[in-house]
Amino acid sequence: MTRVAVFGPGSWGTTFAMILAEAGNEVTLWGRRPEQMEAIERTHENADYLPGIPLPPTLRATTDPERALDGADFVVLCVPSQTLRANLAAWREHIPRGAVLVSLMKGIELGTTKRMSEVIREVAEVPEERVAVVSGPNLAKEIAQRQPAATVVACADESVAEKLQAICHLPPWFRPYTNPDVVGVELGGAVKNVIALAVGVSAGMGMGDNVSAMLITRGLAEMQRLGAALGADPHTFAGLAGMGDLVATCNSPLSRNRTFGENLGRGMTLAEVVAATRQTAEGVKSCESVLALARKHDVEMPITEVVVGVVHDGMSPAEAGMLLMSRSPKPERYGV
């Protein structure tokens with residue numbers, strides 16, 4: 001039996017742990033708060049993030065990282081992206097030799113502009129063949145309710161991707177596909193959060209579907225340009241980890257980033273939205289690091305620029321819209 005440790009008891013971490021447990025693996029979920037972990041063990045429910053949704057009775061929960069990691073074949077990381085480095089440094093000594101580290105996180109590290117797999121490789125001192133990424137249109141609540149969904153499992157080592165695919169394939173409602181393009185899969189997951197903030201702001205301002213469609217398609221173009229500069233496979237962005245995740249995150253009321261943007265568009269201040277938001281909206285911090293990464297590679301990302309302006313620099317949503325619409329038009333080349 002495959003043993004898996006899942007670090008991060010939020011909605012997506014818990015849902016992925018549930019998938020793995022129902023697929024027949026031995027799964028331990030780690031969280032920092034004793035009362036939350038004890039409640040999951042006792043009631044088989046994560047009332048904080050997935051109230052009313054039963055968890056498999058075989059799923060274990062603990063606050064002890066050493067216990068969670070004992071004998072683990074796969075170590076799944078689902079913490080806020082900006083906390084990964086410090087957390088992983090604290091857990092590193094207990095990670096079993098040969099374990100595969102799996103990132104569910106969708107962000108770019110502030111300061112270093114590193115992707116999550118790059119942070120994992122650096123901190124855990126493991127080769128790229130032992131790091132995998134899971135991304136795609138994975139709205140946790142829908143999947144936890146057993147609604148059908150698909151995801152992408154990416155790893156430089158195809159055999160490792162196939163092993164991870166096998167342990168999280170749960171017919172008929174959860175289907176993983178494999179992809180060797182780790183760079184493209186990670187960029188898709190990070191950039192779509194930024195674009196979802198922009199779509200949310202426009203919706204909060206009362207803008208219609210034309211604006212939403214424009215932001216989604218032009219956001220995809222930004223994603224593709226950055227991917228091309230970093231050597232990603234362009235086909236990745238036409239698939240689940242690119243367009244699929246972008247559409248779901250920009251359009252769904254379950255999307256934290258879209259909802260965050262909507263509140264900004266309605267006139268709430270950043271502090272007010274943060275205070276009202278229970279879960280992490282990764283795009284709020286990652287928009288700065290995505291923009292820094294783009295500038296490092298001389299990639300033009302105007303939507304990302306105005307999102308940073310609205311979220312961090314005091315730009316009004318109305319001003320952001322004017323800036324985008326007043327830019328000099330350039331020829332469309334193959335829709336990008």
Side-chain angles (χ1 to χ4, degrees), residues 1-80 87-88 90-91 94-96 98-105 132-153 160-177 254 256 278-280:
M1 181 180 292
T2 302
R3 302 190 70 176
V4 187
V6 179
F7 283 75
S11 55
W12 182 217
T14 302
T15 298
F16 199 71
M18 178 184 77
I19 291 167
L20 290 163
E22 291 196 6
N25 303 289
E26 186 177 333
V27 184
T28 303
L29 178 65
W30 176 91
R32 195 176 303 279
R33 293 189 292 118
E35 65 277 13
Q36 183 189 24
M37 296 298 98
E38 289 167 6
I40 291 173
E41 282 265 304
R42 185 178 68 257
T43 67
H44 308 299
E45 177 187 356
N46 187 338
D48 289 342
Y49 293 98
L50 297 172
I53 296 176
L55 300 176
T58 57
L59 176 63
R60 303 268 66 86
T62 183
T63 59
D64 183 353
E66 187 172 1
R67 175 189 164 194
L69 289 165
D70 184 30
D73 302 294
F74 290 86
V75 178
V76 178
L77 301 165
C78 194
V79 297
N87 279 319
L88 190 54
W91 302 327
H94 303 301
I95 296 174
V100 174
L101 284 75
V102 182
S103 170
L104 302 189
M105 300 161 291
V133 173
V134 175
S135 191
N138 298 144
L139 296 164
K141 186 176 181 180
E142 289 186 0
I143 298 173
Q145 292 172 333
R146 278 70 171 178
Q147 295 186 33
T151 196
V152 178
V153 173
V160 171
E162 290 172 351
K163 289 176 184 176
L164 179 55
Q165 177 189 42
I167 69 166
C168 67
H169 188 194
L170 195 59
W173 56 279
F174 192 74
R175 176 167 185 172
Y177 291 84
L254 297 176
R256 297 190 293 267
R278 179 178 178 83
Q279 299 187 61
T280 301

Next item on the list: Can you measure from CG (Asn138) to OG1 (Thr15) and round to the nearest 0.5 angstrom?
Entry: 9.5 Å
Item checked: Enclosure of Arg67 CZ (heavy-atom neighbours >12, cutoff 6.0 Å) -> yes
Checklist line | Check: Gly52 main-chain N/O paired with Glu45 side-chain donor or acceptor under 3.5 Å | finding: yes
Check: side chain to side chain contact (heavy atoms under 4.5 Å, CB included) between Tyr49 and Gln36: does it pass, once the steps are laid out?
Finding: CA-CA 10 Å; Tyr49 293 98; Gln36 183 189 24; 3.6 Å; yes
Next item on the list: Examine the side chains of Thr2 and Asp73 and answer whether a donor and an acceptor come within less than 3.5 Å of each other.
Entry: no
Note to self: Under a 3.5 Å distance rule, please check whether Asn25 uses its side chain to pair with a backbone N or O of Val27 as donor and acceptor.
What the structure shows: no
Item checked: Nearest-0.5 Å distance, CG of residue Leu69 to CZ of residue Phe7 -> 3.5 Å
Next item on the list: Measure up the Trp91 and Trp30 rings against each other and bin them: parallel (under 30°), tilted (30 to 60°), perpendicular (over 60°).
Entry: perpendicular
Item checked: Listed partners of Glu26 passing salt bridge (charged side-chain N to carboxylate O under 4.0 Å, His left out), at least two apart -> Arg3
Check: With side chains defined as the heavy atoms from C-beta onward, is the minimum distance between Pro57 and His44 less than 4.5 Å?
Finding: yes
Next item on the list: Please answer whether the main-chain N or O of Ala140 pairs with a side-chain N or O of Ser11 as donor and acceptor at a distance below 3.5 Å.
Entry: no
Next item on the list: Could you tell me the separation between the CD1 atom of Ile53 and the CG atom of Asn46, rounded to the nearest 0.5 Å?
Entry: 9.5 Å
Next item on the list: Please step through side chain to side chain contact (heavy atoms under 4.5 Å, CB included) for the pair Asn87 and Arg32, ending with a clear verdict.
Entry: CA-CA 11 Å; Asn87 279 319; Arg32 195 176 303 279; 2.9 Å; yes
Margin query: Return the CG to CG distance between Leu101 and Leu88, rounded to the nearest 0.5 Å.
Written below: 6.5 Å
Checklist line | CG-CD1 distance between Leu50 and Ile40, expressed to the nearest 0.5 angstrom | finding: 9.0 Å
Notebook entry, point to check: Okay, side chain of Glu66, backbone of His94: is any donor-acceptor separation there less than 3.5 Å?
Noted result: no
Next item on the list: Take Arg146 and Glu22 through the test salt bridge (Lys or Arg N to Asp or Glu O under 4.0 Å) and record every step on the way to the result.
Entry: CA-CA 11 Å; Arg146 278 70 171 178; Glu22 291 196 6; 2.2 Å; yes
Check: Under the side-chain contact (heavy atoms from CB on, under 4.5 Å) test, which residues partner Ala149, sequence neighbours left out?
Finding: Ile143, Phe174
Notebook entry, point to check: Step by step, would you call Phe16 with Thr151 a side chain to side chain contact (heavy atoms under 4.5 Å, CB included)?
Noted result: CA-CA 11 Å; Phe16 199 71; Thr151 196; 5.6 Å; no
Note to self: If you apply the rule side chain to side chain contact (heavy atoms under 4.5 Å, CB included), what do you find for Val134 with Val76, and how did you get there?
What the structure shows: CA-CA 10 Å; Val134 175; Val76 178; over 6 Å; no
Note to self: Could you measure the distance from the OG1 atom of Thr63 to the CG atom of Leu29? Nearest 0.5 Å is fine.
What the structure shows: 11.5 Å
